[in-house]
Each structure stands twice: as structure tokens, then as C-alpha cells.
Amino acid sequence: MSATGAVNQSGCDGARQRGWGMSFLKNAWYCAGWSSGIENSPILRRFLDEPVVLYRTEGGEATALSDICPHRFAPLHKGKLVGDNIECPYHGLQFNAAGACAHNPHGSGRIPQGSNVRRYPLVESQNAAWIWMGDLALADPELIPDLGMFDADFCPWITEHLHLAIDYRLLIDNLLDLSHASYLHPGTLTPARAKREMYFTQEGNNVKSSYIQRDIPTPGSQSPFFSEERGDYHSEIEWLLPGIFRNRLIMTAVGRPPEEGSLMCNTLLITPETETSCHFLYAGTRNRQMHNSQIDEVLRKMTNIAFKDEDEPMMMDCQAYMGGRDLTDLKPIYLETDESDIRARRILEKAIRDEQAGVTDRVDTPMMFASVGQ
């Protein structure tokens, strides 16, 4: 799937008038959590503003069901597991891992019609559990993308699951706009302000930002496993519809090619929770000192500070000033460095409009390349 063309304001307004609501793309795989976080006890997660209960069966299969009991709409995650069934805490109805009501403890025990709960497709791949919130007939596991990480058996992953009180689209903007890092994260995740070569590419539904800073002090994110005080810093981040990022950070000796450098592979996964909140899951691997747990904790702390203490407060301030209005409607000014996030928004908005309109045929966007020197 891919998209072409800008999204005009009248199109967005028309969508609202037709009652489409918040801009969620439903026919897509979203990360429901890291596999290690789903255990043999029910937990509540909200995805695309729908409450979902997650748990593992006795055989180890990860399961996702609607959290709403169809009897009196009680939260199932507050119940308990009885074998592979989840028992409603209010009246004791039990639902199996397929979502079917399997036990009624009252009266004759008859199972009423319409007593099933929705079962969401949940597939485990690359250490993550992927959930499909849309049309069941379209839930093809082959569409789950390659995260581009080192094999976890070869190099342990640093993983984290954060909750951010921001519209997921603002986070997409943030991650594709690498220019903000020198101002919000100077000296830690990125070098201090320095001249950079910046590039943008688009192919189909994939949008990529990258930049190079030459002969600069080694940033804190690289110094634990890159021994030289200065070098060339290469950063690239690629967005895949609707909320999947592949990120590579490379530090090399001055003038040396990227394949010689220290490499961090990261994946950043965004799953909308509500209109103004999202799940943010990240994982990181590297090609040097891969099994040093002390470096793991340094990088985890640094990354959490960057997103929770630096990015989130700024985006919350922006969100508050936007007052619930769409970014396009506010007519923001655009900088040359906004190229990639603008294109991602156009792709996302068109995919949502097409989904709502029942359009299945989309024309691939041709390759685009631009560069900006700063």
C-alpha cells in the first residue's frame, strides 16, 4: 500500500463530518507489547481506543480478547484465569481463548446467543506480540515487517515499553524530524549543534530521514562503546506505515566508511491508545560490547530520559496549544527539515481515508530524494 498527493483541509473536514472520528488506521499490525511482558495473568491494554485483555494460555499461546463482558460490560482483566478461560469478575461467565462463552454458572447453564467476545489476531514475531484491530479477513502475518535488528540470540536486546500522553501522530513527527535532537537532546542521544548533511527519501509507504555530522565530539549514546573522542556521526530513521520505525546510529573515525563504525540498531514502535495517548515500545542492539549489561542500563536510562523527560513534556505542551485541532487545520509554517514528517502524514491520512471509503487499490508513490545542508 502507498499513497500520493497532499491531503487538503476540505478532505479532512469531510472525514470529520462523516463521523470517521480519530485518525486510526485499523487494518494494520500494531505492537501490543514485548512477548516477555505477556504472562499467565490478564493485563489490560487499550489500543485504538478499544480495551483489550492480554494473557497466555497454559500452552504458552499469547491471546488478545475484548476486555468488555457482553453481560453487564464488566472489565474482564479484573477477573481470573480458569485454565485457558478468563472468568468475568462480576457474574462468573467464562470465555475461552477463542472468545467464545464456555461456561455460564447460573440457572440451566445455557450459553446465551451473542455471548462471545471479540478475539483479536495476535502473532508473536521478533520478540514482540502484534495485534490486528481491523478486518479479520485481512490479517495476514506476512505483512508484519522485518524490524532490521540483530538476532536476539546473537546480541541481547534492550527493550522498554513507555506510555506517552501524546497523540501518536505528534510522536511520528518527532521521530522523523531529526533536527530537533540537537536542541532537546544535546550531548546525549545526539551531538551538540553542528553542521549536518541531511537527506530524505520515500519509496512507496516508507519514508526515511538521515543525516551525517562530520568530525564532532562523540555523543553520550555512542561513547560507552566507541572509544575515540571525535568522529563522524551517521543517523538514519525509517518510518513504515502506520507506526513502525527502523533506526541506525553509526559512529566512525573521521573520514571512515559507516561499515567500519560502531552500530546501534533500534526499533521504535508506536501503537495509539486514545486520541491523546500512545504506547511507545523500543528495542536496541549494537555491534560492540553486545553482552555488557552495564552499558545496557546506561543506554536504557539515557533513552528513557530522552523520551519521558525531554520529548514527552515538549510534545504535551504542543498538544495543549493545538487544543484538539488537527495540525493541518492550524496551517503551521513548514521548514525544509519537515519534508519527511509531512510525507508520512500524507501517507497515513490517505491510507485512513481509503480504508474508510473501502478503497483497496493504491498506487505506489515514486521514489523521492532531497537533501538539506545545515
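What you see is a predicted model, and the numbers here were worked out from it, not measured in a lab. Along the sequence shown, residues carry numbers from 1.
In this structure, T303 OG1 and K301 NZ are separated by 12.5 Å, a value rounded to the nearest 0.5 Å. Here the straight-line distance linking atom OH of Y199 with atom CD of E339 works out to 15.5 Å at 0.5 Å rounding. To the nearest 0.5 angstrom, M251 atom CE is 10.5 Å from S227 atom OG. Here CG of L175 is found 11.0 Å from CG of L170. Values are rounded to the nearest 0.5 Å. Atom CE of M149 is separated from atom CD of Q126 by 9.5 Å, given to the nearest 0.5 angstrom.
The main-chain N or O of M314 is never found under 3.5 Å from a side-chain atom of D317 such that the two would form a donor-acceptor pair. Side-chain atoms of S235 never come within 3.5 Å of backbone atoms of L249 as a donor-acceptor pair (strictly under, hydrogens ignored). Using modelled atom types, no side-chain atom of R246 and backbone atom of I237 make a donor-acceptor pair closer than 3.5 Å. Side-chain atoms of S277 do not come within 3.5 Å of backbone N or O of I166 as any donor-acceptor pair. Here the side chain of N27 pairs a donor or acceptor atom with the backbone of D135 at under 3.5 angstrom.
Counted by atom type alone, E260 and T252 present zero donor-acceptor pairs between their side chains at under 3.5 Å. There is a side-chain donor-acceptor pair under 3.5 Å between N304 and Y282. Side chains of H185 and D311: a donor on one and an acceptor on the other come within 3.5 Å. With hydrogens and angles left out, the side-chain atoms of Y321 and Q319 include no donor and acceptor closer than 3.5 Å.
A 4.5 Å side-chain heavy-atom check between S115 and R110 finds every atom pair outside the cut-off. Under the 4.5 Å side-chain criterion, counting only non-hydrogen atoms from C-beta, E61 is not in contact with R56. Between K78 and D67 there is no side-chain heavy-atom pair separated by less than 4.5 Å. For the pair D326/R169, a side-chain contact is recorded, criterion being any heavy-atom separation below 4.5 Å from C-beta on. Contact of the H234 side chain with the S210 side chain is not registered, since no non-hydrogen atoms from C-beta on lie closer than 4.5 Å. By the 4.5 Å heavy-atom criterion applied to side chains, L281 and E160 are not counted as neighbours. Residues M264 and Q222 meet the side-chain proximity criterion, which asks for heavy atoms closer than 4.5 Å. Looking only at side-chain heavy atoms (C-beta outward), Y30 and P242 come within less than 4.5 Å of each other.
The aromatic rings of H163 and H279 sit perpendicular to each other, their planes meeting at more than 60°, with 30° as the lower class boundary. Taking the six-membered ring where the residue is Trp, F280 and F307 present tilted rings, their angle falling between 30° and 60°.
Ion pairing between a basic and an acidic side chain is recognised when a charged N comes within 4.0 Å of a carboxylate O; K350 and D354 show such pairing. Between R300 and E297, at least one side-chain N (NZ, or NE/NH1/NH2) sits under 4.0 Å from a carboxylate O, which counts as a salt bridge. A salt bridge between D296 and R286 is present, with a side-chain N of the basic residue lying under 4.0 Å from a carboxylate O of the acidic one. Taking a cutoff of 4.0 Å between a charged side-chain nitrogen and a carboxylate oxygen, D232 and R256 do not qualify as a salt bridge. A salt bridge is absent between R45 and E273: the closest approach of a Lys/Arg side-chain nitrogen to an acidic carboxylate oxygen does not fall below 4.0 angstrom.
Under the rule for a side chain to side chain contact (heavy atoms under 4.5 Å, CB included), I333 has no partner lying at least two apart in sequence or in another chain. Checked against ring-ring contact (aromatic ring centres under 6.0 Å, His included), W132 has the following partners two or more places apart in sequence or in another chain: W29. Scanning for side chain to side chain donor-acceptor pair (under 3.5 Å) contacts around K80 gives an empty result, with sequence neighbours left out.
The environment of E259 atom CD is dense: over 12 non-hydrogen atoms of other residues, nucleotides or ligands sit within 6.0 angstrom. Few gaps surround NZ on K308; more than 12 heavy atoms of other groups in view lie less than 6.0 Å from it. Within a 6.0 Å sphere centred on CZ of F150, other residues, nucleotides and ligands contribute more than 12 heavy atoms. Environment of OH in Y334: crowded, with over 12 heavy atoms of neighbouring residues, nucleotides or ligands closer than 6.0 Å.
Only one option out of V123, L122, T271 pairs with I131 in a side chain to side chain contact (heavy atoms under 4.5 Å, CB included); it is L122.
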